[in-house]
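Quick notes on the structure that follows.
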Amino acid sequence: MSNQEPLFAPALRHAFEATSYTTDHCEVRIGQTSKGLDQLLSAAATTCAAFLTAFNPGARRTAPETNDLNDKALLQTLKATVKDPAWLIATRHVPDDQSAQAFIERGWLVLGLQPADAVEIANNFGQLAVVCAFFGRPAILVEVPQTPPVPWRAGVDRSDLSHWAWGRAGGAESRQDAAAMATMVASLLGCPERTLNSHVPCNVADARVPAPRLRANGVPECIHFDDATRARHTYGRSWPDQYRAAQGDFTAAPDAVAMPDSTLELQQVMDWAGSVDADIVPFGGGTNVVHAFQPLSDKQRRPRLVISTRGLRGLLSLDATNLLATFGGGTTGPEVNRSLAPFGLQLRHYPQSWEFSTVGGWVATRAGGHFATRYTHIDDLLVSANSIAPAGEIRTLAVPSSGAGPEPMRALTGSEGGLGIITEATLRVHRRPRFKAGFNAFFTNYDIALDACRRVLQSGLTPSSCRILDPREAMLNQVDGSGRAILLLGFESDSDVGLDATAEACKRMLMDLADEIVPVARTTRGDADAIWRNAFLEAPYLQPALACQGVMVDTLETAASYEQLPSLRRELIRTISAAALEQGCPALVSSRMTHAYHDGASLYLTWLTLTASRNPTAQWSHIKGAATETIVRAGGPITHHHSVGSQHLDGWRRQTSPDWVRGWMAMRNSLDPDGRMVPWLLCDRD
Ligand SMILES: Cc1cc2nc3c(=O)[nH]c(=O)nc-3n(C[C@H](O)[C@H](O)[C@H](O)COP(=O)(O)OP(=O)(O)OC[C@H]3O[C@@H](n4cnc5c(N)ncnc54)[C@H](O)[C@@H]3O)c2cc1C
């Protein structure tokens with residue numbers, strides 16, 4: 001057995017493999033496909049299934065009554081789990097060995113049950129493994145970890161989430177440390193005496209939501225018209241979006257919200273949108289920061305129907321040999337990892353918004369993950385994707401590589417809903433890396449750190465983590481206060497061969513540039529990596545908490561060549577500081593490099609200022625507008641990973657060839673002749 005497979009006792013594996021899992025309609029064996037099971041799955045319009053039993057080897061010595069009791073308890077659990085009672089089918093697990101000791105277990109075939117859920121249930125019933133299957137694939141044995149399952153934070157209903165801020169309802173409002181932090185920011189800005197314009201966010205029940213322009217009569221069941229649901233699907237999570245929502249301003253609320261559970265239902269919802277002449281807005285995790293769900297202008301438009309992809313979530317298929325996993329478009333980051341965990345696999349795509357953003361949203365916005373090289377954008381992990389538009393579908397081949405013309409899948413990446421709703425995506429998944437090596441290098445300033453980064457990338461080394469924090473970013477995140485820039489470098493692999501040697505070679509390469517090189521976990525302030533990671537995860541929660549206390553915090557990002565990046569960085573810091581001052585308060589601007597390439601890198605800036613007492617959205621727009629203009633003039637992309645949305649549309653148009661935009665619109669029109677799919681995004685006219 002290779003060290004990459006789960007450590008599973010061979011005798012136990014053999015016992016499972018020497019058993020047939022039998023129902024009245026199908027017989028399933030581990031490692032084999034089953035036509036009967038595929039027919040059941042296809043009739044139920046689902047893709048996965050699991051065989052569960054409450055019996056276990058120990059149960060042979062258990063009294064029959066106890067087995068019956070366990071079986072009843074299992075049945076109760078399963079009834080509460082399955083969508084349709086017909087998805088629960090009685091089974092017999094029959095061993096090949098028909099000797100006297102052979103024991104036929106009773107069990108249940110559960111259609112539509114995700115492996116991660118099957119593992120959790122099996123764990124509660126003392127099972128060591130479960131048999132899982134996906135449509136068209138050989139059945140697999142999935143080991144059940146013999147530890148209590150880790151509580152699952154995802155899978156939340158949106159009604160658990162705040163209607164205005166990042167995270168759960170009430171989280172930002174109740175942060176005890178926010179007031180002290182706001183006072184500290186005012187002090188750092190040199191305005192310690194200034195009164196902070198704090199505000200109490202409005203309650204969702206008090207949200208001002210206009211009456212829907214669509215009628216609730218005779219509509220598909222999954223469409224909702226109530227104010228609270230419409231309020232929760234109004235905004236993304238940019239600073240102005242959060243501010244408006246906190247003020248209770250939901251004048252931009254959609255007219256209805258659909259939550260289809262299947263592609264069939266999605267199609268019905270789209271047909272209904274056509275019949276009532278409504279625009280369609282795909283909604284994944286709602287985490288975009290580019291004002292994607294409405295146009296910037298107040299121009300009167302058609303009624304808007306938001307289609308949430310939450311019902312289209314889950315692991316749809318796993319190819320454990322080629323390490324490919326297909327997910328429903330509405331699957332969030334924690335759900336992705338939870339479904340892969342039983343197989344010892346991970347996607348390794350961690351945008352900072354991972355907790356709530358979705359697979360479909362990542363593809364639609366070309367999201368950038370935490371890793372600095374190799375798989376930076378979701379594009380690098382995507383193998384194929386399917387989408388449904390009002391007048392057509394895009395289906396792409398799941399192949400390792402193809403040279404056959406422009407790749408249709410690449411049109412879907414970054415389409416921002418313009419080519420329809422991405423219903424599923426097949427992604428390359430990875431074994432959890434077992435070996436890590438790395439160090440932190442300190443430099444006199446940011447420019448030298450960037451030059452060091454260039455050396456590393458151009459040498460052909462591909463560190464998984466390669467992040468530069470400028471001195472202010474290091475200070476604000478409490479990583480280091482020495483006034484130097486830090487390059488955080490990390491390497492990881494499934495094999496330890498050469499990992500330390502690679503890190504050493506990299507270290508030697510930087511000796512003459514660095515002020516100091518410190519192994520990870522032995523930096524002056526403790527483990528800089530760990531401190532940085534915590535700050536990274538904490539930041540989305542902190543931003544709205546500070547907003548309540550009168551501090552405006554926002555970020556922006558672009559990219560540039562190694563040669564141009566230092567001057568663009570300086571120019572942006574200067575522009576943002578000046579624009580903030582014009583609005584009556586200085587700004588603290590810090591920067592980091594998040595992704596590194598052969599020829600350049602991304603540039604990510606964070607700015608903090610105090611919220612003006614009058615018209616803070618105009619204050620924000622003034623600063624954002626000045627920064628955007630600087631980026632466009634310098635020729636940096638209008639976004640590196642936050643996407644275009646309404647916010648960057650003007651910059652996108654200025655940077656994109658008009659003929660290309662015409663071609664793009666022609667493709668949109670062919671799939672959506674009435675122009676219903678988010679017509680204000682990535683479009684040629686307002
Ligand atoms: C705190 C914070 C941190 C962030 N960090 C990162 C980061 O590290 N990297 C990064 O890239 N981005 C980041 N973002 C931005 C955002 O999270 C990403 O753009 C993310 O990919 C959006 O996913 P979502 O599911 O929330 O999409 P949504 O916000 O719901 O939608 C975004 C756009 O995609 C469309 N869309 C959504 N789902 C689908 C679908 N299934 N089919 C077709 N169109 C669809 C929507 O109509 C919309 O135009 C961050 C945002 C926040 C608030």
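Computation of the quantities below employed the complete heavy-atom set of this structure, encompassing side-chain atoms and omitting hydrogens, waters and symmetry-equivalent molecules. Atoms within each ligand, like the ligands themselves, are counted from 1 in listed order.
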Between Tyr350, Trp166, Tyr541, which is the residue that forms a side-chain hydrogen bond (donor to acceptor under 3.5 Å, both in side chains) with Glu355? Tyr541
Has the side chain of Arg313 got a donor or acceptor atom that lies under 3.5 Å from a matching backbone atom of Arg310? yes
Is a side-chain donor or acceptor of Arg653 paired with a backbone partner of His648 at a separation under 3.5 angstrom? no
Under-4.0 Å heavy-atom contact with ligand 1, by part of [X] that carries it:
| X | result |
| --- | --- |
| Thr358 | both |
| Pro351 | both |
| Val290 | neither |
| Ser357 | both |

With heavy-atom distances below 4.0 Å as the criterion, list the atoms of ligand 1 near Trp362. 21 (O)
Using ring centroids (six-membered ring only for Trp), state whether [Y] and [X] fall under 6.0 Å.
| X | Y | result |
| --- | --- | --- |
| Phe283 | Phe293 | yes |
| His349 | Phe371 | no |
| His199 | Tyr243 | yes |

Could you identify the single nearest non-hydrogen protein atom to [atom] and state the distance to 0.1 Å?
| atom | answer |
| --- | --- |
| atom 42 (N) of ligand 1 | Ile422 N, 2.8 Å |
| atom 27 (O) of ligand 1 | Gly361 CA, 3.7 Å |
| atom 8 (O) of ligand 1 | Gln352 N, 2.7 Å |
| atom 11 (O) of ligand 1 | Gly368 N, 2.7 Å |
| atom 52 (C) of ligand 1 | Thr287 O, 3.7 Å |
| atom 1 (C) of ligand 1 | Pro540 CB, 3.4 Å |

With a cut-off of under 6.0 Å to the ring centre and 45° to the axis, is Arg230 in cation-pi contact with Phe225? no
Looking only at non-hydrogen atoms, which of [options] approaches [atom] most closely?
| atom | options | result |
| --- | --- | --- |
| atom 19 (O) of ligand 1 | Thr423, Thr365, Leu412 | Thr365 |
| atom 47 (O) of ligand 1 | Pro282, Ser646, Gly236, Gly417 | Pro282 |
| atom 29 (O) of ligand 1 | Leu266, Asn288, Ile421 | Asn288 |
| atom 45 (C) of ligand 1 | Ser238, Ala364, Ala367, Ala292 | Ala364 |

Tell me whether [X] reaches ligand 1 (any heavy atom closer than 4.0 angstrom to a ligand atom).
| X | answer |
| --- | --- |
| Ser643 | no |
| Phe293 | yes |
| Gly420 | yes |

Ligand 1 N/O within reach of Gly284 N/O, cut-off under 3.5 Å: yes
Could you point out which residue of Arg366, Arg428, Arg374 forms a salt bridge (Lys or Arg N to Asp or Glu O under 4.0 Å) with Asp379? Arg366
Non-hydrogen side-chain atoms of Phe356 and Thr332 separated by less than 4.5 Å: no
Any side-chain heavy-atom pair of Ser464 and Thr373 under 4.5 Å: no
Does the pair Ser590 and Tyr604 meet the rule for a side chain to side chain contact (heavy atoms under 4.5 Å, CB included), with working shown? CA-CA 9 Å; Ser590 65; Tyr604 188 99; over 6 Å; no
